[in-house]
Amino acid sequence: QVQVAESGGGLVQAGGSLRLSCIITGLPFETYDLAWFRQVLGSEREGVSCITRRGVYAAYKDSVKGRFTISRDNPKNTLYLQMNNLKPEDTAMYYCAAFRMGDYCARPSWRTYDPEHWGQGTQVTVSS
């Protein structure tokens, strides 16, 4: 059974930092591209960042480029999202996602695909 567990969310002031973590078990972690999505209540879920299975390539939503960094530790089955210089508009529930699709993160339309596995999310709130 696949389990996806995010952690690291919280309340932070604008300009602050948070590091999200996601542990995925029950699947061959190193064979999946991974991503972070976020959703504000009442809005559609949007892709924030993705990373290829070996961590060689990553892609980002334009508004987070230069502030967020995605990374992964395959031996630990863990995905990370380092978020710096947070802004109130970054407030959302953040979800970890796993994609079995080959070359998922290398596709220009990576943000439009549905993953095989989602987590329950971790809330990030940025106050002004």
Side-chain angles (χ1 to χ4, degrees):
Q1 182 179 357
V2 177
Q3 293 187 325
V4 182
E6 302 96 335
S7 62
L11 173 63
V12 64
Q13 289 188 330
S17 298
L18 284 174
R19 189 194 195 200
L20 305 185
S21 299
C22 174
I23 297 177
I24 304 178
T25 57
L27 54 72
F29 185 85
E30 67 280 0
T31 67
Y32 278 69
D33 282 13
L34 303 174
W36 288 99
F37 283 69
R38 68 186 182 188
Q39 187 173 23
V40 176
L41 193 63
S43 300
E44 289 189 359
R45 193 152 22 190
E46 62 174 9
V48 175
S49 181
C50 68
I51 189 168
T52 53
R53 51 207 62 191
R54 291 188 176 88
V56 173
Y57 175 81
Y60 297 90
K61 172 181 168 61
D62 284 347
S63 64
V64 307
K65 286 180 181 177
R67 299 188 297 121
F68 290 12
T69 303
I70 191 171
S71 61
R72 63 190 292 167
D73 187 335
N74 285 353
K76 293 183 178 180
N77 282 24
T78 304
L79 174 71
Y80 302 100
L81 185 68
Q82 178 66 45
M83 306 186 294
N84 298 329
N85 190 22
L86 281 160
K87 302 176 180 182
E89 52 264 41
D90 294 319
T91 295
M93 184 72 80
Y94 283 71
Y95 298 89
C96 174
F99 291 80
R100 191 170 55 191
M101 175 190 301
D103 296 325
Y104 156 74
C105 186
R107 300 170 186 240
S109 56
W110 64 271
R111 298 174 63 200
T112 65
Y113 291 94
D114 290 327
E116 276 72 31
H117 305 286
W118 287 107
Q120 294 298 309
T122 185
Q123 177 67 37
V124 172
T125 303
V126 184
S127 63
S128 58

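Please read these numbers as outputs of a predicted model, since none were measured by experiment. The analysis underlying the following values was restricted to heavy atoms, covering all of them including side chains, and did not include hydrogens, waters or symmetry mates.
Here the side chain of Glu46 pairs no donor or acceptor atom with the backbone of Arg38 at under 3.5 angstrom. A distance-only check finds no donor-acceptor pair linking the side chain of Thr52 to the backbone of Asp33 [under 3.5 Å]. Under a 3.5 Å cut-off, the side chain of Arg67 and the backbone N or O of Asn85 do form a donor-acceptor pair. Judged by distance alone, with hydrogens and angles left aside, the side-chain atoms of Arg107 form a donor-acceptor pair with the main-chain N or O of Gly102 at under 3.5 Å. In this structure, the side chain of Glu30 does not engage the main chain of Arg54 through any donor-acceptor pair within 3.5 Å.
For residues 29-73, the set of pairs meeting the disulfide (SG to SG under 2.5 Å) definition, not counting sequence neighbours, comprises Cys50-Cys105.
For Arg19, there are no side chain to side chain donor-acceptor pair (under 3.5 Å) partners at least two apart in sequence or on another chain. Residues satisfying the side chain to side chain donor-acceptor pair (under 3.5 Å) criterion with Gln82, sequence neighbours excluded, are Asn84. For Tyr80, the ring pair (Phe, Tyr, Trp, His ring centres under 6.0 Å) test picks out no residue, with sequence neighbours left out. In this structure, the ring pair (Phe, Tyr, Trp, His ring centres under 6.0 Å) partners of Tyr104, at least two apart in sequence or on a different chain, are Phe99.
Nearest heavy atom pair, residue Ala14 against residue Ser128, reads CB-CA, 4.3 Å. When every heavy atom of Ser109 is checked against every heavy atom of Thr112, the shortest pair comes out as O-OG1, 2.7 Å. Nearest approach of Gly47 to Trp110, heavy atoms of both residues: C-CH2, 3.9 Å.
With salt bridges taken as basic N to acidic carboxylate O contacts below 4.0 Å, none links Asp90 and Lys87.
The CD1 atom of Ile23 lies 6.5 Å from the OG atom of Ser7; values are rounded to the nearest 0.5 Å. To the nearest 0.5 Å, the span separating CD on Gln120 from CD on Gln3 amounts to 10.5 Å. A distance of 6.0 Å separates CZ in Phe29 from CG in Leu79, rounded to the nearest 0.5 Å. The structure places NE2 of His117 at 4.0 Å from OH of Tyr32, a figure rounded to the nearest 0.5 Å. From Gln123, atom CD reaches atom OG1 of Thr91 across 7.5 Å, with rounding to the nearest 0.5 Å. Between Leu81 atom CG and Ser21 atom OG the span is 9.5 Å, to the nearest 0.5 Å.
At a threshold of 4.5 Å between non-hydrogen side-chain atoms, the residues Leu20 and Glu6 do not count as touching. Contact check for Arg72 versus Arg53: side-chain heavy atoms found under the 4.5 Å cut-off. Side-chain atoms of Leu34 and Cys96, non-hydrogen and from C-beta on, never get closer than 4.5 Å to each other.
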Problem - Worked verdict on Met83 versus Trp36 for side-chain contact (heavy atoms from CB on, under 4.5 Å) - result: CA-CA 12 Å; Met83 306 186 294; Trp36 288 99; over 6 Å; no

Practice task
Check the pair Tyr60, Ile70 against side-chain contact (heavy atoms from CB on, under 4.5 Å), reporting the backbone distance first and the verdict last.
Solution key: CA-CA 9 Å; Tyr60 297 90; Ile70 191 171; 3.5 Å; yes

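Relative orientation of the Tyr94 and Phe68 rings is tilted, given thresholds of 30° and 60° on the angle between their planes.
Phe37 is not connected to Leu18 by any chain of hydrophobic side-chain contacts under 4.5 Å among Ile, Leu, Val, Met, Phe, Trp and Tyr, and they are in different clusters. Under a hydrophobic-cluster definition in which Ile, Leu, Val, Met, Phe, Trp and Tyr are linked whenever side-chain heavy atoms come within less than 4.5 Å, directly or via other members, Trp118 and Tyr113 are assigned to the same cluster.
Under a 4.5 Å side-chain heavy-atom criterion applied to ILVMFWY residues, the cluster that includes Tyr57 comprises that residue alone.
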